[in-house]
Number of protein chains: 2
Amino acid sequence: MPSDTIRAALIQRLRVSSAIADEDVKEIEALPISVRQYPSERAVVRDGERASECCLIVDGFCARSKTIASGRRQILSLQIPGEIPDLMSLFLHVMDHDLTTLTPATLGFISHDNLRKLHRRSPRVAEMFWRDTLIDSAMFREWIVNVGQRPAPARLAHVMIELRERLRLIGRVDGDSFEMPLTQEQIGEALGITAVHANRVIKQVRQEGVVEFSRGRVTVLDEQKFQELADFDGRYLHQSPTL
Amino acid sequence: MPSDTIRAALIQRLRVSSAIADEDVKEIEALPISVRQYPSERAVVRDGERASECCLIVDGFCARSKTIASGRRQILSLQIPGEIPDLMSLFLHVMDHDLTTLTPATLGFISHDNLRKLHRRSPRVAEMFWRDTLIDSAMFREWIVNVGQRPAPARLAHVMIELRERLRLIGRVDGDSFEMPLTQEQIGEALGITAVHANRVIKQVRQEGVVEFSRGRVTVLDEQKFQELADFDGRYLHQSPTL
DNA sequence: GCCCGGTTCCAACAAAAGTTAAGGACGGAG
DNA sequence: CTCCGTCCTTAACTTTTGTTGGAACCGGGC
């Protein structure tokens with residue numbers, strides 16, 4: 001795979017949230033990245049591990065999660081191409097959660113050393129990455145609200161819309177449908193409910209003609225109902241450099 | 001209030017998670033801070049506002065929260081002296097949540113301009129603050145897990161232990177008891193349950209002889225039961241510079 | 001002292017979500 | 001093509017949590 005394809009989604013995403021100078025783009029394009037293929041459902045980094053590199057998602061979907069003593073698992077975020085989900089490992093050396101592929105994925109690994117050197121050379125790039133981790137943090141805040149306060153059908157719709165708005169930036173929304181490659185079990189883990197209940201909720205929104213979900217794909221049937229149900233306000237994604 | 005008292009808790013906290021050089025301490029001690037008194041239950045920054053300064057908690061307790069369209073409120077974190085809960089506003093200019101006092105509080109305000117200048121002058125300090133926002137993020141992740149997966153009594157115990165472990169660092173734990181100045185309504189908002197249910201849960205843990213909670217103070221009755229109930233693993237607090 | 005507002009506490013009932021169990025659909029391996 | 005495992009689907013039942021409404025408590029102000 002050509003080098004610019006590997007970095008394309010990353011640069012595209014950074015541009016959306018930060019104004020970015022051409023020379024900084026060059027710096028990022030010069031970063032050595034080693035690309036590896038991962039099968040579906042494979043751990044990339046595990047809770048408790050010490051990382052020495054960060055993982056850029058070139059293609060495919062990943063999820064971050066934590067598992068508690070009782071064995072229940074909570075999905076913390078869904079991650080899409082162009083993102084570096086474990087950028088935090090640069091300064092938080094021991095992982096406090098898992099990063100796992102949801103689909104077969106192409107992942108690019110960037111060494112901490114090289115990232116740190118880049119930061120020293122270019123404070124602007126460092127700030128851009130910092131901002132990226134802050135947006136990550138904002139998404140966690142909204143996820144807390146989702147799981148803590150919204151009724152289950154709204155939780156589902158909210159996660160779907162968040163994913164859609166992020167996929168839109170990388171040109172991955174196809175009309176009224178987009179990919180969301182999760183099993184109902186995993187949807188339950190994302191929403192803080194059981195798989196059985198996730199199934200009930202999916203059935204309900206389907207019967208109400210709001211969205212269809214099957215084989216890892218969401219199709220919006222009634223955009224207005226969908227938005228109302230989700231109670232979605234995208235400000236927290238901070239998708240504008242001026243804000 | 002003397003300047004070193006104002007900064008003491010901040011420096012103390014930074015020392016715990018990052019190794020910090022004496023000259024950096026001097027830089028931080030040279031930061032202009034304007035101190036103001038706030039009454040209890042007063043908004044410090046609101047969702048949607050553009051901030052031009054960050055808020056250091058000198059004394060008192062604060063909480064971060066988001067309110068959804070239905071009016072339900074979710075508390076995202078509790079904040080204690082020495083913390084800068086809105087450090088993220090340096091790069092995420094529009095607030096995506098509220099910061100409110102829980103008690104009468106002494107707050108110190110540091111201008112974004114001065115913080116940015118400090119970052120340019122001392123990348124080490126910048127990294128230290130970055131690390132601080134990353135720990136913040138790690139705490140949100142654990143909060144998601146708490147609200148999403150644990151049974152209500154465990155949620156309560158977990159929030160209590162997290163608060164205690166953080167208070168311990170600033171010398172604010174008194175034997176088997178510590179301050180947690182929340183009403184039952186607010187505890188409900190933190191745990192993602194209603195005030196009525198919060199009351200039921202508090203009653204239950206009290207009857208089981210685990211903890212006592214009244215008038216904003218937690219007293220641990222049975223440390224072992226408390227720990228087991230909370231399912232607490234403090235690694236996510238990253239309270240060690242070497243990790 | 002006494003009132004007043006905000007808490008705390010509780011009960012009864014309703015709704016949401018968890019548990020268990022089991023049948024059916026679907027896709028890949030042999 | 002059939003077998004097998006995973007996922008989806010549903011039902012029946014239990015448990016947890018929300019809702020409503022009201023009583024008791026408590027501290028501060030008059």
Side-chain angles (χ1 to χ4, degrees), chain A residues 39-42 61 63 68 70-75 100-104 146-159 179-208 211-219 229, chain B residues 39-42 68 70-75 100-104 146-157 179-208 211-219 229:
Chain A
S40 189
E41 300 289 328
R42 176 76 101 250
F61 287 71
I68 64 175
S70 70
R72 296 179 63 108
R73 193 169 83 126
Q74 174 68 46
I75 290 181
T100 318
T101 58
L102 290 171
T103 62
N146 204 42
V147 165
Q149 298 299 340
R150 282 189 261 263
R155 285 186 214 181
L156 176 63
H158 196 280
V159 167
E179 252 188 288
M180 178 160 159
L182 304 204
T183 65
Q184 293 190 355
E185 175 79 41
Q186 290 163 339
I187 288 179
E189 289 170 344
L191 306 184
I193 60 182
T194 59
V196 173
H197 196 55
N199 180 269
R200 280 196 280 250
V201 172
I202 291 168
K203 179 183 173 188
Q204 187 191 325
V205 295
R206 181 182 293 147
Q207 283 178 347
E208 288 172 355
V211 279
E212 177 52 292
F213 173 76
S214 73
R215 270 168 279 106
R217 180 159 273 272
V218 177
T219 306
L229 179 60
Chain B
S40 191
E41 300 290 324
R42 176 76 102 249
I68 63 175
S70 70
R72 293 180 64 106
R73 191 169 86 125
Q74 174 68 45
I75 289 181
T100 319
T101 58
L102 289 171
T103 63
N146 204 41
V147 166
Q149 298 298 340
R150 281 191 261 264
R155 287 186 213 181
L156 176 62
E179 252 188 289
M180 179 162 157
L182 304 204
T183 65
Q184 294 189 356
E185 176 79 42
Q186 290 163 338
I187 288 179
E189 289 171 344
L191 306 185
I193 60 181
T194 58
V196 174
H197 196 54
N199 180 267
R200 279 196 281 251
V201 171
I202 291 168
K203 180 184 172 188
Q204 187 191 325
V205 295
R206 180 182 295 147
Q207 283 177 346
E208 288 172 355
V211 279
E212 177 52 289
F213 172 77
S214 73
R215 270 166 282 108
R217 180 160 274 272
V218 177
T219 306
L229 179 60

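Residue numbers start from 1 in every chain, and the chains themselves are labelled A, B, ... in the order their sequence lines are given, proteins ahead of strands. Note that the structure is predicted; figures quoted are calculated from it, not measured.
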Output yes when at least one side-chain N/O atom of A:Arg206 is less than 4.0 Å from OP1 or OP2 of D:dT9, else no. yes
Distance-only donor-acceptor pairs under 3.5 Å for side chains of residues 190-203 of chain A, two or more places apart:
{"residue": "A:Thr194", "atom": "OG1", "partner": "A:His197", "partner atom": "N", "Å": "3.3"}
{"residue": "A:His197", "atom": "ND1", "partner": "A:Arg200", "partner atom": "NE", "Å": "3.1"}
{"residue": "A:His197", "atom": "ND1", "partner": "A:Arg200", "partner atom": "NH2", "Å": "3.3"}
{"residue": "A:Asn199", "atom": "ND2", "partner": "A:Gln184", "partner atom": "OE1", "Å": "2.8"}

Under 3.5 Å, is there a donor-acceptor pair between the side chain of A:Ser40 and the main chain of A:Leu102? yes
Atom-to-atom span, CG of B:Leu182 to P of C:dT8 - whole angstrom: 10 Å
I need the CD1-C1' distance between A:Ile187 and D:dC8, as an integer number of Å. 11 Å
Note the angle between the end axes of the helix from C:dG1-D:dC30 to C:dG30-D:dC1, five pairs defining each, rounded to 10 degrees. 30°
Would you kindly give the CD-to-P distance between A:Glu185 and D:dT9, to the nearest whole Å? 14 Å
When rounded to whole Å, the CG to C1' distance for the pair B:Leu156 and D:dT16 reads 16 Å
note: B:Ile202, atom CD1; D:dT17, atom P; distance rounded to Å ~ 14 Å
Give a yes or no answer on whether the side chain of B:Arg42 reaches the backbone of B:Thr101 with a donor-acceptor pair at less than 3.5 Å. no
Does the side chain of A:Asn199 get closer than 4.0 angstrom to OP1 or OP2 of D:dC8 through an N or O atom? no
Test A:Met180 against A:Ile187 for side-chain contact (heavy atoms from CB on, under 4.5 Å), laying out the working first. CA-CA 10 Å; A:Met180 178 160 159; A:Ile187 288 179; 4.2 Å; yes
Mind listing the closest non-hydrogen atom pair of B:Phe213 and B:Arg206 along with its distance? O-NH2, 3.0 Å
Give each protein N/O atom lying under 3.5 Å from an N/O atom of nucleotides 17-26 of chain C, with the pair distance.
{"residue": "C:dA17", "atom": "OP2", "partner": "A:His197", "partner atom": "NE2", "Å": "2.8"}
{"residue": "C:dA17", "atom": "O5'", "partner": "A:His197", "partner atom": "NE2", "Å": "3.2"}
{"residue": "C:dG18", "atom": "OP2", "partner": "A:Thr194", "partner atom": "N", "Å": "3.0"}
{"residue": "C:dG18", "atom": "OP2", "partner": "A:Thr194", "partner atom": "OG1", "Å": "3.2"}
{"residue": "C:dG18", "atom": "N7", "partner": "A:Arg200", "partner atom": "NH2", "Å": "2.7"}
{"residue": "C:dG18", "atom": "O6", "partner": "A:Arg200", "partner atom": "NH1", "Å": "3.3"}

In terms of heavy-atom contacts, A:Phe61 and A:Thr103 come closest through N-OG1, 3.0 Å
With a cut-off of less than 4.0 Å, is there a side-chain N or O of B:Lys203 near OP1 or OP2 of C:dC9? no
Quick one, A:Arg72 and B:Arg150 - any side-chain contact, counting heavy atoms below 4.5 Å? no
Is it true that a side-chain atom of B:Glu208 and a backbone atom of B:Val205 form a donor plus acceptor pair closer than 3.5 Å? no
Separation of A:Glu41 atom CD from D:dG5 atom P, in whole Å? 18 Å
B:Glu41/B:Gln186 under side-chain contact (heavy atoms from CB on, under 4.5 Å): CA gap, chis, key distance, verdict: CA-CA 11 Å; B:Glu41 300 290 324; B:Gln186 290 163 338; 2.8 Å; yes
